[in-house]
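Written below as structure tokens is the structure these notes are about.
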Amino acid sequence: MLKDLKAFLLRGNVVDLAVGVIIASTFGAIVTSFVNDIITPLLLNPALKAAKIERIAELSWNGVAYGNFLSAVINFLVVGTVLFFVIKAIEKAQNLTKKEEAAEEAPAGPTELEVLQEIKALLEKK
């Protein structure tokens, strides 16, 4: 049962799907923060309500929560870095599993040297 669970969890497409979901959610947090904390406060600024182009230069950054946006970006970078190391560890585990399986499935036939010696003996007879 545990062997089957290990094989399921270490399958490539399960890991890829999990990474995709995690990256998408953290990137979604960046987009949401950008819209809610930077774009929306600028659009609701009184200087924009007056439709004069010269007043756009008077936009104030009051209400813009750029700290929240930077926090979302830093969170994305941290999550991406942690996922990178997790994926590296999973790849190592997959390689170890493949090596163990290859060692178990190795045929118990003659070695390469024995086959070459048999060929040599057959050629000497002719």
Side-chain angles (χ1 to χ4, degrees):
M1 177 80 106
L2 289 176
K3 189 174 183 178
D4 294 335
L5 176 65
K6 180 181 173 184
F8 172 75
L9 291 177
L10 292 180
R11 248 185 4 206
N13 43 359
V14 173
V15 174
D16 293 341
L17 179 63
V19 169
V21 168
I22 293 169
I23 291 291
S25 68
T26 54
F27 189 75
I30 289 176
V31 172
T32 302
S33 176
F34 182 71
V35 170
N36 291 342
D37 297 329
I38 294 181
I39 299 296
T40 303
L42 289 175
L43 291 177
L44 297 177
N45 199 307
L48 278 181
K49 290 182 182 176
K52 294 184 179 178
I53 294 180
E54 62 269 2
R55 296 212 39 197
I56 289 178
E58 299 173 8
L59 283 178
S60 67
W61 286 87
N62 293 338
V64 174
Y66 59 88
N68 291 343
F69 176 70
L70 290 178
S71 175
V73 171
I74 291 170
N75 186 33
F76 177 77
L77 295 175
V78 169
V79 168
T81 303
V82 169
L83 279 177
F84 173 77
F85 289 115
V86 167
I87 294 301
K88 285 293 187 186
I90 289 173
E91 286 175 354
K92 257 188 192 176
Q94 285 175 337
N95 289 339
L96 289 176
T97 303
K98 288 178 184 175
K99 286 180 183 177
E100 289 173 359
E101 290 173 358
E104 291 173 1
E105 296 175 4
T111 64
E112 185 178 343
L113 181 62
E114 292 170 344
V115 171
L116 290 174
Q117 287 174 344
E118 287 178 19
I119 292 172
K120 181 182 175 188
L122 288 173
L123 289 174
E124 287 177 352
K125 285 183 182 178
K126 292 186 177 181

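Heavy atoms only: backbone and side chains are in, while hydrogens, waters and symmetry mates are out.
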Subject >> Sequence neighbours excluded, every pair satisfying side chain to side chain donor-acceptor pair (under 3.5 Å) that has a member inside residues 26-44 >> reply: Ser33-Asp37
Original post:
With sequence neighbours excluded, what pairs up with Thr111 under the side chain to side chain contact (heavy atoms under 4.5 Å, CB included) test?
Top reply: Leu113, Glu114
Original post:
With hydrophobic residues grouped by side-chain heavy-atom distances under 4.5 Å, do Val35 and Ile30 end up in a single group?
Top reply: no
**OP:** List in chain and number order the residues that pass side chain to side chain contact (heavy atoms under 4.5 Å, CB included) with Lys88, two or more places apart in sequence or in another chain; answer none if no residue qualifies.
**Re:** Phe84, Glu91
**OP:** Go through the structure and list residues passing side chain to side chain contact (heavy atoms under 4.5 Å, CB included) with Ile74, not counting sequence neighbours.
**Re:** Val78
Original post:
Remaining members of Leu116's ILVMFWY cluster at a side-chain heavy-atom cut-off under 4.5 Å?
Top reply: none
**OP:** State which residues pass side chain to side chain contact (heavy atoms under 4.5 Å, CB included) with Ile23; sequence neighbours excluded, sorted by chain then number.
**Re:** Val19, Phe76, Leu83
Subject >> Expected output: side-chain Thr81 to main-chain Leu77 donor-acceptor under 3.5 Å >> reply: yes
Original post:
Is it true that Leu122 and Val115 fall in one hydrophobic cluster, defined by side-chain heavy atoms closer than 4.5 Å?
Top reply: no
Original post:
Honestly curious: do Leu43 and Ile38 fall in one hydrophobic cluster under the side-chain, below-4.5 Å linking rule?
Top reply: yes
**OP:** Treating Ile, Leu, Val, Met, Phe, Trp and Tyr as nodes and any side-chain heavy-atom pair under 4.5 angstrom as an edge, say whether Val64 and Val31 lie in one connected cluster.
**Re:** yes
